[in-house]
Amino acid sequence: MAIQEVIKYEGDNDILIYKHPAEDFNTLSQLIVHESQEAVFFSDGQALDSFKAGRYTLETKNIPLISKLRNLVTGGVSPFHTEVYFINLATMMDIPWGTPSQVTVKDPNYGYSYSAGASGSFGLKIIDGRKLLINLVGTEQEMSTANIQKYFKDLIVTRVKNCIAVELSRYSYNEFNQHLNDISENVAGLIRDDIAEYGI
């Protein structure tokens, strides 16, 4: 094991989450985090510290949450299992989505039923890499933007299908076009609540 290691990620921008192959690195190893990244430090399976852009020497003074865990009398060799994940903080824009099938809506004024669907686009930005790692990624080595887009596209479509019947049933068929902004905001609010737990 090297006394010091340089831990950084300069790979493909399509990779949203990347687990650095170096594990159990030693005190005084260098962590380099680029402007569009966040690094999340794990020790013994726990996400302990997050690092924004900059260069860090991994010592207990820079990683306060592990100061009680790490025994420096071992000469700087880590007695604990340590890992670093890099999170790409770039915004993913204009991701298309649409309901693959329509839902049946009952007109509140006239009592007849009709079919409705929805489509649009969305953007994603990670604001809390630790939440995303814990709630979605788990122990994967990496996750691409395509994986994340598909996951959240499926989540959005499911939520929209569940909401659209409720929202549209408030208005008559010949009225709801006048309320599309309100309907969209109500559905978007529910989606924001859903994805907030992922740090997105």
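It should be emphasised that the depicted structure is a prediction, and the values quoted were computed from it without experimental measurement. Quick note: numbers below take in every heavy atom, side chains included, and nothing from hydrogens, waters or symmetry partners.
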Please walk me through it: do Ile17 and Leu132 pass side-chain contact (heavy atoms from CB on, under 4.5 Å)?
-> CA-CA 9 Å; Ile17 296 163; Leu132 183 64; 3.4 Å; yes

From Asn181 CG over to His179 NE2, what is the distance, rounded to the nearest 0.5 angstrom?
-> 11.0 Å

Contact summary for Cys163 and Val187, nearest pair of heavy atoms = CB-CG2, 3.9 Å

Say whether Asn147 and Ser144, considering side chains only, have a donor N or O and an acceptor N or O under 3.5 Å apart.
-> yes

Lys153 (side chain) donor-acceptor with Pro96 (main chain) under 3.5 angstrom | yes

Trace of the side-chain contact (heavy atoms from CB on, under 4.5 Å) decision for Ile191 with Val160 | CA-CA 8 Å; Ile191 293 168; Val160 167; 4.0 Å; yes

Under 6.0 Å from the NZ atom of Lys150, do we count more than 12 heavy atoms belonging to anything else shown?
-> no

To the nearest 0.5 Å, what is the distance between CD1 (Ile134) and CD (Glu197)?
-> 12.5 Å

Lys8, NZ atom: more than 12 neighbouring heavy atoms under 6.0 Å | no

Donor-acceptor under 3.5 Å (Thr99 side chain, Ala118 main chain) = yes

Is there side-chain contact between Gln30 and Thr57, with at least one heavy-atom pair below 4.5 Å?
-> yes

To the nearest 0.5 Å, atom CG of Leu190 lies from atom CD1 of Ile156 at 12.0 Å

Using a 4.5 Å cut-off on heavy atoms from C-beta on, say whether the side chain of Leu168 contacts that of Tyr114.
-> yes

Counting heavy atoms not belonging to Tyr110, are there more than 12 under 6.0 Å from its OH?
-> no

Look up atom NZ in Lys161 and atom CD in Gln102, then write down how far apart they are to the nearest 0.5 Å.
-> 9.5 Å

Spell out, yes or no, whether Tyr112 and Val103 are grouped together once hydrophobic residues are joined by side-chain heavy atoms under 4.5 Å, including indirect joins.
-> yes

Judged by atom type as modelled, is there a donor-acceptor pair below 3.5 Å linking the side chain of Gln37 to the main-chain atoms of Tyr9?
-> yes

Of Leu89, Asn88, Ile87, which is the lone residue that meets side-chain contact (heavy atoms from CB on, under 4.5 Å) with Leu16?
-> Asn88

Could you state the interatomic distance from CD1 (Ile127) to CD (Glu38), rounded to the nearest 0.5 Å?
-> 10.5 Å

From CA spacing to verdict: side-chain contact (heavy atoms from CB on, under 4.5 Å), Val105, Phe176 = CA-CA 12 Å; Val105 182; Phe176 76 76; over 6 Å; no

Return the minimal non-hydrogen interatomic distance between Pro108 and Ser169, and the atom names on each side.
-> CG-O, 3.1 Å

Specify the closest pair of heavy atoms between Ile164 and Gly117, including all atoms of both residues, with the distance to one decimal.
-> CD1-O, 3.7 Å

Leu180 vs Asn177 side-chain heavy atoms within contact, under 4.5 Å | yes

Between His20 and Phe86, how do the two ring planes meet: parallel, tilted or perpendicular, split at 30° and 60°?
-> tilted

May I ask you to check whether over 12 heavy atoms, not counting those of Asn109, lie within 6.0 Å of atom CG?
-> yes

Aromatic centroids of Phe152 and Phe122 separated by under 6.0 Å | no

Closest approach of Val84 to Ala39 (non-hydrogen atoms, all atoms of both residues) = CG1-CB, 4.1 Å

Kindly indicate whether the side chain of Tyr198, heavy atoms from C-beta on, has any atom under 4.5 Å from the side chain of Lys131.
-> no

Mind running salt bridge (charged side-chain N to carboxylate O under 4.0 Å, His left out) on Arg170 and Glu175 for me, showing each step along the way?
-> CA-CA 10 Å; Arg170 297 177 182 177; Glu175 296 176 337; over 6 Å; no

For the student: nearest non-hydrogen atoms of Gly129 and Val40, plus distance | C-CG2, 4.2 Å

To the nearest 0.5 angstrom, please state how far the CG atom of Asp107 sits from the OH atom of Tyr173.
-> 10.0 Å

